[in-house]
Amino acid sequence: MKTHSRSRAVRTPGGLSLRLDPRALTVVVLLLAAAGAAGVALIGTGDAKIPAADVLRTLAGNGTAYQDFIVNELRLPRVLVGLLVGASLGLGGALFQSVSRNPLGSPDVLGLSQGSTAGALVVIVLMSGSAAEVTLGALAGGLATGLAIYALAWKQGVHGYRLVLVGIGVNAMMTAVSGYLLTKADLVDATRAVVWMTGSLAGRDWEQVWPLLGLCAVLLPLVLVNARGLRMLEMGDDIANALGVRVQRVRLLLMVSAVLLAAAATAAAGPVSFVALTAPQLARRLTRSPGPNLVPSLCMGAALLVAADWASQRAFGADQLPVGVVTGVLGGVYLLWLLVTERRAGRI
């Protein structure tokens with residue numbers, strides 16, 4: 001594995017040594033700025049348009065009562081859910097792709113999104129559950145699917161190629177389960193289910209923000225602490241073992257983290273497709289840095305999802321086109337391009 005010559009070691013006063021890549025750091029800063037700008041633009045977009053300057057003034061606590069209600073009560077939670085869902089999918093996708101050592105390793109391809117969808121449909125169709133119960137059903141479905149994939153892919157350890165193959169099979173099974181459940185639903189439940197299955201940020205409020213924020217606050221430090229072990233895993237299990245990495249423990253810990261991130265994101269906004277697949281690849285192309293690029297992928301996911309939601313509202317009007325449709329179209333084009341590129345390079 002080649003090293004990055006532009007990386008610099010930085011030692012803190014407490015004796016902690018960090019290695020920073022100036023280009024990757026620049027990319028992270030620019031992506032955070034882009035996500036923030038898209039978020040401000042999205043808050044100002046809708047039936048009641050608010051200029052960006054007024055949005056910033058209101059967020060700072062200096063807006064009118066009308067602006068405060070529109071910005072802080074109605075639209076800010078939606079934007080925060082979008083940022084958190086995009087960040088969770090970007091980070092989860094980077095973990096899956098790094099562990100599987102496959103650019104197609106993502107919750108969309110491995111069946112986790114479909115598992116969450118099936119869990120939500122069970123609650124909608126069979127139980128006529130509330131929004132909170134649908135969220136729990138999606139989370140449970142994603143976790144159960146992740147555990148099933150890991151168990152089926154286990155054979156003296158979990159290896160990337162087998163993980164992807166098992167995930168594709170499970171994805172097909174969960175798609176069939178979802179289709180069957182839709183055929184058994186009445187018209188009202190089927191309509192509700194299809195709306196949820198498209199992936200949307202419409203109607204999201206603070207009830208979705210806090211659980212997702214708490215989960216990210218717990219998992220992000222845990223993942224970053226194990227980032228060195230993840231880089232070693234990309235060089236192969238034998239080399240990672242020789243360098244003192246507890247391979248299966250690190251892999252299981254990161255896989256569980258990735259499953260939780262993907263399941264929680266799906267539970268909060270529905271199965272928003274292709275963000276987890278494209279964000280890590282785009283981040284790596286921008287940073288030109290080896291390794292999992294966890295933080296750039298996280299920032300790229302957040303920027304992509306909020307920008308896609310803003311573009312949808314600008315082009316079609318408020319809540320006329322769910323963000324999942326936009327990311328699906330863009331992600332499908334990117335997936336075709338990725339497959340052509342990988343085939344020309346002789347990797348598939």
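This one's a predicted model, so the numbers in the text were calculated from it and none came from an experiment.
Annotation: side chain of Arg78 is in contact with side chain of Asp309 (closest heavy-atom distance under 4.5 Å). Counting heavy atoms from C-beta on, the side chains of Leu112 and Phe96 come closer than 4.5 Å. A heavy-atom distance below 4.5 Å is found between the side chains of Leu56 and Val40. Counting heavy atoms from C-beta outward, Met255 and Val99 have side chains that approach closer than 4.5 Å. Tyr150 places none of its side-chain heavy atoms less than 4.5 Å from the side chain of Val259. A heavy-atom distance below 4.5 Å is found between the side chains of Leu220 and Leu224. Contact of the Phe274 side chain with the Val329 side chain is not registered, since no non-hydrogen atoms from C-beta on lie closer than 4.5 Å. Using a 4.5 Å heavy-atom threshold, the side chains of Leu254 and Arg251 count as separate.
Put simply, CG on Leu253 and CG on Asn226 are 5.0 Å apart, with the number rounded to the nearest 0.5 Å. Atoms CG and OG, from Asp108 and Ser113 in turn, are 4.5 Å apart once rounded to the nearest 0.5 Å. The line from SG of Cys216 to CG of Leu84 is 5.5 Å long, rounded to the nearest 0.5 Å. In this structure, CD1 on Ile149 lies 9.0 Å from CE on Met174, to the nearest 0.5 angstrom. Here Gln313 contributes atom CD and Leu201 contributes atom CG; the two are 9.0 Å apart, rounded to the nearest 0.5 Å. The CG atom of Leu286 lies 11.5 Å from the CD atom of Gln281; values are rounded to the nearest 0.5 Å.
When hydrophobic clusters are built by joining Ile, Leu, Val, Met, Phe, Trp and Tyr residues whose side-chain heavy atoms come closer than 4.5 Å, directly or via intermediates, Ile50 is grouped together with Phe69. Connection of Leu59 to Trp310 is established within a shared hydrophobic cluster, with ILVMFWY side chains joined at heavy-atom distances below 4.5 Å, either directly or through further cluster members. Hydrophobic clustering (ILVMFWY, side-chain heavy atoms < 4.5 Å, transitive): Leu182 and Ile124 are in one cluster. The cluster map of Ile, Leu, Val, Met, Phe, Trp and Tyr, joined by side-chain heavy atoms under 4.5 Å apart, puts Leu74 and Val306 in the same cluster. Taken together through direct or relayed side-chain contacts under 4.5 Å among Ile, Leu, Val, Met, Phe, Trp and Tyr, Leu25 and Leu30 form parts of separate hydrophobic clusters.
In this structure a side-chain-to-backbone donor-acceptor pair under 3.5 Å is missing from Ser88 to Ala265. Using modelled atom types, one side-chain atom of Arg204 and one backbone atom of Ser200 make a donor-acceptor pair closer than 3.5 Å. Formation of a donor-acceptor pair under 3.5 Å by the Thr58 side chain with backbone atoms of Val71 is not found in this model. Judged by distance alone, with hydrogens and angles left aside, the side-chain atoms of Glu133 form no donor-acceptor pair with the main-chain N or O of Val123 at under 3.5 Å. A donor-acceptor pair under 3.5 Å links the side-chain atoms of Thr183 to the main chain of Tyr180, judged by distance alone. In this structure a side-chain-to-backbone donor-acceptor pair under 3.5 Å is missing from Glu73 to Ile70.
Residues Pro77 and Asn72 come closest through the heavy atom pair CD-O, 3.6 Å. Here the closest heavy-atom approach between residue Ser273 and residue Gly324 is recorded as OG-O, 3.7 Å. Smallest separation of non-hydrogen atoms from Ala269 and Val85: CB-CG2, 4.0 Å. Closest non-hydrogen pair, Ala185 versus Ala190, comes out as CB-N, 3.9 Å. In terms of heavy-atom proximity, Ala138 sits nearest to Ala267 at CB-CA, 3.8 Å. Smallest separation of non-hydrogen atoms from Gly93 and Pro107: CA-CD, 4.3 Å.
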Start with the C-alpha distance between Val209 and Asp205, add both sets of side-chain angles, then the distance that settles side chain to side chain contact (heavy atoms under 4.5 Å, CB included), and finish with yes or no.
CA-CA 7 Å; Val209 173; Asp205 56 28; over 6 Å; no
Pair Arg314-Thr45, side chain to side chain contact (heavy atoms under 4.5 Å, CB included): steps then yes or no:
CA-CA 7 Å; Arg314 288 284 295 179; Thr45 302; 4.2 Å; yes
Passes side chain to side chain contact (heavy atoms under 4.5 Å, CB included), Leu222 versus Ser257? Steps please.
CA-CA 8 Å; Leu222 182 65; Ser257 299; 4.0 Å; yes
Apply the test side chain to side chain contact (heavy atoms under 4.5 Å, CB included) to residues Leu230 and Val250: give CA-CA distance (whole Å), side-chain angles for both, the deciding distance (0.1 Å), then the verdict.
CA-CA 7 Å; Leu230 186 59; Val250 171; 5.5 Å; no
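When the options Leu261, Leu91, Leu95, Val256 are evaluated for a side-chain contact (heavy atoms from CB on, under 4.5 Å) with Leu219, the one that passes is Leu261.
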Under 3.5 Å, which donor-acceptor pairs link side chains of residues 293-301 to any protein atom two or more places apart or in another chain?
unit_1: Asn293; atom_1: OD1; unit_2: Thr287; atom_2: OG1; d: 2.9
unit_1: Asn293; atom_1: ND2; unit_2: Ser289; atom_2: O; d: 3.0
unit_1: Asn293; atom_1: ND2; unit_2: Gly291; atom_2: O; d: 3.1
unit_1: Ser297; atom_1: OG; unit_2: Asn293; atom_2: O; d: 2.7

Residues 60-67 side chain polar contacts: donor-acceptor under 3.5 Å, at least two apart:
unit_1: Thr64; atom_1: OG1; unit_2: Gln67; atom_2: N; d: 3.1
unit_1: Gln67; atom_1: OE1; unit_2: Thr64; atom_2: N; d: 3.2

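A 6.0 Å sphere centred on CZ of Arg285 holds more than 12 heavy atoms belonging to other residues, nucleotides or ligands. Within 6.0 Å of the CH2 atom in Trp210, the count of heavy atoms belonging to other residues, nucleotides or ligands does not exceed 12.
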